[in-house]
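Step one of this worksheet: look at the structure below.
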Amino acid sequence: MSTYLGMPTLAPRGVGLLRGDLPFPAAARTALADTQLRRNLGHATSTIRAKRAAVVGEVGDWEELRRAGEAIKTATMARLEEHLERLEREVAARGGVVHWARDATEANRIVTDLVRATGADEVIKVKSMVTQEIGLNDALAQAGIAAVETDLAELIVQLGGDTPSHILVPAIHRNRAEIREIFRREMPDVDPGLTDDPRALAMAARSHLRRKFLSARVAISGANFAVAETGTLLVVESEGNGRMCLTLPQTLITVMGIEKIVPTWYDLEVFLQLLPRSSTGERMNPYTSAWTGVTPDDGPQEFHLVLLDNGRTATLADPVGRTALHCIRCSACLNVCPVYERTGGHAYGSVYPGPIGAVLTPQLTGVEDNPSLPYASSLCGACFDACPVRIDIPSLLVHLRARHVEEQRAHRRTPTAEAITMAAASWVMADPGRFSAAGRAARIARPFTGRRGRIRTLPPPLSAWTSARDAPAPPPETFREWWSRTRERQ
Ligand code: SF4
């Protein structure tokens, strides 16, 4: 087993993360044609953006907080092995059991065996990205165990036979009328006269879930944070469903990515200020649940913590790319991203959509297996400005594009069409005479100009450019021609 920073480098990577076979440009084209989806997304993201801007504006030292969050994450990742071992010791000392999972397959096997041992055939779940990442619900279903999502948006997605499209608001692509239809169709005891009033929808979900909370013997959660110094796990949420899952059942199983650790409670304080303002646009989380091992006669009497790698240690090995592991899953970068706002989350074909998905997913799976996502960005920089822990996503995107190009170079005998085009462009631009001639020659593309003065389709090989974007029409006269006509005569 190879090591770096003293930690075992675990394999295989990123199992279970991908949802679609289509590369981003093809999937995005389908999403862009869905006008209802674009309306739903535009409305939802602009509402969340406005709420976030208002509460962030209240904090005088917001930039200092962001820098503190960045510094804590950088320092924690540099000594991750040490902090994880501390967490393991503290959890075990307080009656919990720690399991290590190299990948999704191992994590699913561990959780399935634990649930089977209790004899339960149904579990309740707190919203968790990491259990989506490993495809836990499907793995449990194959073992005859039903997993019931208890977060309202996750429930909508589950009942609709759908997949989440946003980190924080998984059903962001659905509007109220669509949700009412899903509830009417899928909830056995729902009032047939259910309206699309938000309160009525919430009450229908509440009564559906209440029965599940009271009968469940096992709950499964993720974790927003784990505090190494005391072995404490935390979940933050807005609905109270998490609190029910974390306190009522006899057995609690938590699956956590190894990057979610913070060394101390002082460190946690910073993130508990950054996260709610960046995610839901609230000053603090309505429910922050923390638990430490097992407390006799109070809450779950059996606690298991599954620590998941699934490509994280491989990501940590890249000194630039590793900053993607600093993410606290607030989703602020999604809400400000012009690409996400137009395509929605499904087009990314990954459990993690949006800007963070475009830099995290390819690293967890391996860039070579997922090369289109780092290009799913205009590099406008809005994600970096919004990120509460200052992850420089635009620089990461460029870094991953470079890794992709280098990998292609290393593995191909013949250069790609893009490499040939770039070499040709470099040759043309290196000489003023060639550059002028190219400007004149470009006019042959003018017949392809569309109504708005843009060229949408060009013949091969230039179609490689226009398949994903349009191009400005070449002007009837180049700048050099204009200069010599108007100035050199004077
Ligand atoms: S990358 Fe930053 S803004 Fe995006 S989800 Fe993660 S913490 Fe939030």
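In listed order, ligands and their atoms are each counted from 1. We number each residue from 1, following the sequence as shown.
- Residues D197 and R176 are not paired through a salt bridge, judged by the lack of any N-O separation under 4.0 Å between the basic side chain and the carboxylate.
- A salt bridge is defined here as a Lys NZ or Arg NE, NH1 or NH2 lying under 4.0 Å from an Asp or Glu carboxylate O, and D151 with K127 fails to meet this definition.
- Of the protein's non-hydrogen atoms, S331 N, 3.2 Å is the one closest to atom 5 (S) of ligand 1.
- Annotation: cation-pi pair R329/Y352 present, NZ/CZ under 6.0 Å from the ring centroid and within 45° of its normal.
- A salt bridge links E341 to R49: one of the charged nitrogens lies within less than 4.0 Å of a carboxylate oxygen.
- We find that E90 and R86 are joined by a salt bridge, their nearest charged nitrogen and carboxylate oxygen being less than 4.0 Å apart.
- Taking the charged nitrogens against the carboxylate oxygens, R66 and E63 do have a contact shorter than 4.0 Å, which makes a salt bridge.
- For atom 2 (Fe) of ligand 1, the count of nearby protein N, O or S atoms, meaning those under 2.8 Å away, is 1.
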